[in-house]
Amino acid sequence: MEKSSITKVLELCKVSPPPNSSPPTTLPLTFFDIPWLFFSPCQPLFFYEYSHSTSHFISSTLPNLKLSLSLALKHFFPFLGNLVVSSNDSNMPKIVYNEGDCVSFSVAESNGDFRCFTSNHGREVHEFYPLVPELATSGGAIPLLAVKVTIFPHMGICIGLAYHHVAADGRTFNNFIKAWSSLCANSCFLINSLPSFDRSVIKDSHGLEEIFLEELWKIKSSQEMIIGTETNVDLSNMVRSTFVVSSLDMERIKKWVIGQCKKKSQPQPIHLSPYVLTCSFIWVCLVKTQTQTSQPENHHYSDDEPNYFGFIAGGLTRFDYPVPTSYFGNCVGFGRSIATRGELKGEDGIIVAANVIGNMIKKLDKEMLFEAERWIWDWKKMFELEVHVMIFGSPKLDFYETDFGWGRPKKIEEISIDRSRAISLTESRDFKGGIEVGIALPKNQMEVFSSLFIEGLQILQ
């Protein structure tokens, strides 16, 4: 973007469900929710093409957008509530919803270049922050959802959201935004079933709640913030880009891996899914980028030191007891794969990456709670050093099918990866079976990564 865009706030309001539609409710957190207390809010932006003026949007589109949100919140009412974390160590954090609670909803207008915002090339990260709603904490209560709608006159609309993962995983959030968009576009509720708030479906047979709470209070005693422990990341020179790995690219990576294994008479990785192939290729590109752009005195870049690759693993199908797909809350675990920098930089780096990622996925398939007692400690370590890679999101969630009545999104961006130094994955909008990779890096690193990404795919052809 050649010049900074100007965003003007037009309206600040609150959206609540219809009166007397949802009774006051307290939802305790489960052991699946507690680790997310240490993560910053998710900040997805949904960009849509919209050819009308701001006045047309305010008079014709905005009322329906607010009404449909109100009706969706009637069923997904925990998003209206607040996270309450007591100062008493014996008390479990909980989500509390009282009648009268509401969601912050703001409307703005931008003179920015909509085509630039929705492109894949490198764009300065600070340009996106005026599109993100604020989750303002008041009196110790932590709100769980905020919405900001920005109009680009005669070009497009951005629906920006901020929500705390402690309340909902990607599946739950997807159910919510699909409900909202279907109510807006069709005036009907197009989801298979209403949310289930039954916490008893989550079985804590490993005593993880007690372990995680102990870790929570230990960290809380040493710092003010609980939710969203930020790393010190300089955003002033950072850009965000989107890279698409098509199904054809995945097939080329897979054939190369199998060919190399046959050539060297070594067993091929046990799990070569599109997810594993994409993650392996991206991990290797990032490691090489870090190596080529690092200063010699940086001891964290030693070839002998371990590099971690963290990812989120869905739990609905990995337990021997049923958890309904409509369950409101978190049902995801954490996986961490390990390889040395030297191995990942080497000739067979993609094979090494595919082996360790695939092996960890297979372990989680057999035992979802494998080393779960270490989840908080392990991920805290990954946040501390930028050499480690974390993946957020899932290409299995069909976010590009979220239609508010203006068609499919032109682009989806996850802004929270800027500060967490994570990589976002979503399904490709334009290539069936493809995966969009969102990444934010300092400009010099992004240039190197982009070259390695393009050259790497060419070499594998």
Side-chain angles (χ1 to χ4, degrees), residues 5-19 21-22 41-77 79-80 100-115 117-118 127-136 143-163 173-191 399-413 415:
S5 55
I6 298 174
T7 301
K8 179 175 62 175
V9 176
L10 304 178
E11 180 180 340
L12 294 172
C13 64
K14 305 286 187 181
V15 174
S16 56
S21 58
S22 303
C42 299
Q43 298 170 322
L45 301 180
F46 290 74
F47 291 90
Y48 293 88
E49 292 180 327
Y50 186 84
S51 60
H52 302 292
S53 66
T54 299
S55 60
H56 181 276
F57 172 83
I58 291 175
S59 62
S60 301
T61 303
L62 183 58
N64 185 41
L65 196 60
K66 290 180 180 178
L67 175 61
S68 55
L69 175 58
S70 171
L71 296 175
L73 289 170
K74 170 183 176 180
H75 301 285
F76 291 84
F77 58 86
F79 276 131
L80 291 154
D101 286 346
C102 50
V103 165
S104 171
F105 188 102
S106 56
V107 182
E109 181 184 70
S110 173
N111 68 347
D113 186 345
F114 183 78
R115 289 167 297 183
F117 275 108
T118 57
E127 287 288 336
F128 288 85
Y129 281 85
L131 309 178
V132 179
E134 292 186 15
L135 275 172
L144 298 173
L145 175 69
V147 179
K148 185 173 187 178
V149 180
T150 304
I151 307 108
F152 298 79
H154 305 290
M155 290 187 292
I157 295 172
C158 174
I159 296 184
L161 301 104
Y163 73 95
F173 174 73
N174 191 32
N175 288 341
F176 160 69
I177 201 163
K178 288 298 194 302
W180 178 17
S181 61
S182 68
L183 283 164
C184 185
N186 307 294
S187 300
C188 58
F189 208 69
L190 299 180
I191 61 173
F399 283 122
Y400 272 107
E401 300 305 316
T402 308
D403 183 357
F404 283 86
W406 319 306
R408 301 169 69 221
K410 178 69 175 176
K411 190 70 184 297
I412 298 173
E413 297 276 359
I415 304 305

Taking the ring of F76 and the ring of W180, is the distance between their centroids below 6.0 Å? no
Checking S68 side chain against L65 main chain: does a donor-acceptor pair fall under 3.5 Å? yes
Can you tell whether the side chains of K66 and E11 come within less than 4.0 Å, N to carboxylate O? yes
Quick one: does I159's side chain get under 4.5 Å of L45's, heavy atoms only? no
Would the number of heavy atoms belonging to other residues, nucleotides or ligands and lying under 6.0 Å from CD of E134 be above 12? no
Near-ring test Y50/F152, centroid separation under 6.0 angstrom: no
Which distance, rounded to the nearest 0.5 Å, do you find between the OG of S106 and the CG of L12? 6.0 Å
If you define the side chain from C-beta out and look only at heavy atoms, does anything of P130 sit under 4.5 Å from S110? no
Quick one: does K178's side chain get under 4.5 Å of T402's, heavy atoms only? yes
Evaluation steps, side-chain contact (heavy atoms from CB on, under 4.5 Å), between S181 and D403: CA-CA 6 Å; S181 61; D403 183 357; 5.7 Å; no
Using only heavy-atom distances, determine whether the side chains of K74 and S22 contain a donor-acceptor pair under 3.5 Å. no
Anything under 30° is parallel, anything over 60° is perpendicular, the rest tilted; go ahead and classify F176 against F173. tilted
Taking atom CE of M155 and atom CG of D113, what is their separation to the nearest 0.5 Å? 6.5 Å
Could you go step by step and tell me if H52 and H154 meet the side-chain contact (heavy atoms from CB on, under 4.5 Å) rule? CA-CA 5 Å; H52 302 292; H154 305 290; 5.6 Å; no
Quick one: do I157 and F46 satisfy side-chain contact (heavy atoms from CB on, under 4.5 Å)? Show the steps, please. CA-CA 8 Å; I157 295 172; F46 290 74; over 6 Å; no
Do N174 and I177 have side chains that get closer than 4.5 Å, going by heavy atoms? yes
Got a sec: does the NZ of K410 have more than 12 other heavy atoms crowding it under 6.0 Å? no
May I have the step-by-step check of side-chain contact (heavy atoms from CB on, under 4.5 Å) for V15 and V147, ending in yes or no? CA-CA 10 Å; V15 174; V147 179; over 6 Å; no
Heavy-atom count around R115 CZ within 6.0 Å, excluding the residue itself: above 12? no
Would you mind reporting whether W406 and T61 have side-chain heavy atoms less than 4.5 Å apart? yes
Do you see a donor-acceptor pair shorter than 3.5 Å between the side chains of S5 and E127? yes
So do the side chains of Y163 and L144 get within less than 4.5 Å of each other, counting heavy atoms only? no
Test item: S21 side-chain N/O and P17 main-chain N/O as donor-acceptor pair under 3.5 Å: no
For A179 and A72, work out which heavy atoms get closest and say how close. C-CB, 4.4 Å
Using side-chain contact (heavy atoms from CB on, under 4.5 Å) as the criterion, point out the one residue from V149, T54, T150 that pairs with E109. T54
For the pair R408 (side chain) and Y400 (backbone), establish whether a donor and an acceptor sit closer than 3.5 Å, ignoring hydrogens and angles. yes
Heavy atoms of F114 and G156 approach each other most closely as CE1-CA, 3.6 Å
How would you list, by chain and number, every residue that makes a side chain to side chain donor-acceptor pair (under 3.5 Å) with S55, sequence neighbours excluded? S53
Between L145 and L161, is there a side-chain heavy-atom distance shorter than 4.5 Å? yes
Rounded at 0.5 Å granularity, tell me how far OG in S16 sits from CG in L73. 8.5 Å
So which atom in V103 and which in A146 form the shortest heavy-atom distance, rounded to 0.1 Å? CG1-CA, 4.1 Å
Using 0.5 Å steps for rounding, measure from the CD1 atom of I151 to the NZ atom of K8. 10.0 Å
So, taking the atom named CG in N64 and the one named CG in L69, what distance separates them when rounded to the nearest 0.5 Å? 11.0 Å
